[in-house]
Number of protein chains: 2
Amino acid sequence: MEKQLKRGTLEMVLLKLLSGREMYGYELVTAFQRRGNGKFEIKDGTLYPVLYRLEKAGYVEPRWVTQERGVPRKYYRVTTLGQEEMNRLVGDWRHFVAAVDALLEEETDERDQ
Amino acid sequence: MEKQLKRGTLEMVLLKLLSGREMYGYELVTAFQRRGNGKFEIKDGTLYPVLYRLEKAGYVEPRWVTQERGVPRKYYRVTTLGQEEMNRLVGDWRHFVAAVDALLEEETDERDQ
DNA sequence: TCTGGTGTCTTGCGACACAAGATAGTTTGT
DNA sequence: ACAAACTATCTTGTGTCGCAAGACACCAGA
């Protein structure tokens, strides 16, 4: 089920994390592993396509950083457009959660009207 | 985005509605239209495959009811297995929402550790 | 007659998380 | 010197699933 729930929240959560500070892909994967305590993980095969979508939409901007040692890292930062999109997504999210919770808390025997 | 969010919640919400009383497909569609106020609608092309999944999994049981007038209706009721599944799904849902909300409410500038 | 509501069902499409694998540099142990 | 294991990015193929679109069938009102 978690797999399905991620659809629709992944971009929002990613924008949120990147709005804190610029991060690179592998860092995001490990950040999710650590914070999620096993739940809310993300695989790199999932992450990179999402970052491309966000970049293509103008929500994030990449920046290559060559290390003295090691493989170059691609840091992403959120654009102002991305900030607006994030706020919109968070609004939608809260709205959706409220609607579902309302359904879940209804009396079980109610009829139409 | 709503489209994506529905994946993972649709079965739970459906089980919830059907646990109140048995309902038939078209009734569910109109119930969602009315309650959702435009949001959280479901199309019949979406609904029927979901009902088959639930039936195949043993979570709901169908019952044909022939009307004096009109097309026969296929009523679905939730099995005890379906009840358990619903409770499990609701638990997962609340858990997931809590995890996402925690992420959304973090300080924006936090670093690792 | 013809539109529109009621009712179930099927086919095909597009979106997307993920598994699996490729590529490449670094580090550590033997 | 060699082999794991870790860091880091990227691609391809697969399966799931909401939905648009349409088929079929019955009924009521204009």
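The basis for the numbers below is simple: all heavy atoms, side chains too, and nothing from hydrogens, waters or symmetry mates. The sequence lines fix the lettering, A, B, ..., with proteins before strands; numbering per chain opens at 1. As the structure is a prediction and not an experimental result, all values here were calculated from the model.
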- Note on the structure: Outermost contacting nts on DNA chain D, any atom under 4.0 Å from chain A heavy atoms, listed 5' then 3', are D/dT7 to D/dC17
Heteroatom pairs (N/O) under 3.5 angstrom, protein to nucleotides 17-20 of chain C:
unit_1 : atom_1 : unit_2 : atom_2 : d
C/dA17 : OP2    : A/R53  : NH2    : 3.3
C/dC18 : OP1    : A/K6   : NZ     : 2.9
C/dC18 : OP2    : A/T46  : OG1    : 3.1

Please report the distance, rounded to the nearest Å, between [atom1] in [X] and [atom2] in [N].
| X | N | atom1 | atom2 | answer |
| --- | --- | --- | --- | --- |
| B/L28 | C/dC9 | CG | P | 13 Å |
| B/Y76 | C/dG7 | OH | C1' | 12 Å |
| B/R73 | C/dG5 | CZ | P | 17 Å |
| B/Q33 | C/dG5 | CD | C1' | 12 Å |
| B/Y48 | C/dT10 | OH | P | 11 Å |

- Item | CA sep, side-chain torsions, deciding dist, call: A/L10, A/L47, side chain to side chain contact (heavy atoms under 4.5 Å, CB included) | CA-CA 9 Å; A/L10 230 185; A/L47 178 66; 5.8 Å; no
Would a hydrophobic clustering, with Ile, Leu, Val, Met, Phe, Trp and Tyr connected at side-chain separations under 4.5 Å, put [X] with [Y]?
| X | Y | result |
| --- | --- | --- |
| B/L14 | B/Y26 | no |
| A/V71 | A/Y48 | no |
| B/Y24 | B/V60 | no |

Note, [X] side chain near [Y] side chain (heavy atom, < 4.5 Å):
| X | Y | answer |
| --- | --- | --- |
| B/R94 | A/D101 | yes |
| A/E85 | A/L15 | yes |
| A/M23 | A/R21 | yes |
| A/R88 | A/D92 | yes |
| A/V13 | A/F32 | yes |
| B/V65 | B/R63 | yes |
| A/K16 | B/L103 | no |
| B/M86 | B/V78 | no |

- Could you walk me through whether B/T66 and B/R73 pass the side chain to side chain contact (heavy atoms under 4.5 Å, CB included) check? CA-CA 6 Å; B/T66 56; B/R73 294 170 174 173; over 6 Å; no
- Query: Which residues within residues 54-65 of chain A lie with some heavy atom under 4.0 Å of an atom in DNA chain D?
  - Reply: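 Going residue by residue through residues 54-65 of chain A, the ones with a heavy atom under 4.0 Å of DNA chain D turn out to be A/W64.
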- Query: Listed in order of residue number, which residues of residues 89-103 of chain A have a non-hydrogen atom at under 4.0 Å from DNA chain D?
  - Reply: none
- Task: Kindly indicate, with the supporting measurements, whether the criterion side chain to side chain contact (heavy atoms under 4.5 Å, CB included) is fulfilled by A/E27 and A/Y75.
- Result: CA-CA 9 Å; A/E27 188 183 11; A/Y75 281 87; 4.2 Å; yes
- Message: Classify the ring geometry of A/W93 against B/F96: parallel below 30°, tilted from 30° to 60°, perpendicular beyond 60°.
- Response: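 Because their plane-to-plane angle is over 60°, the rings of A/W93 and B/F96 count as perpendicular.
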- Task: Sequence neighbours left out, what passes side chain to side chain contact (heavy atoms under 4.5 Å, CB included) with A/N87? Give chain and number order.
- Result: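 For A/N87, no residue satisfies side chain to side chain contact (heavy atoms under 4.5 Å, CB included) once neighbours in sequence are set aside.
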- Query: Quick one: is C/dG7 close enough that its OP1 or OP2 comes under 4.0 Å of any side-chain N or O from B/Y24?
  - Reply: yes
Write down the protein N/O and nucleotide N/O pairs, taken from nucleotides 25-27 of chain C, whose separation is under 3.5 Å; answer none if there are no such pairs.
unit_1 : atom_1 : unit_2 : atom_2 : d
C/dT27 : OP1    : A/R69  : NE     : 3.2

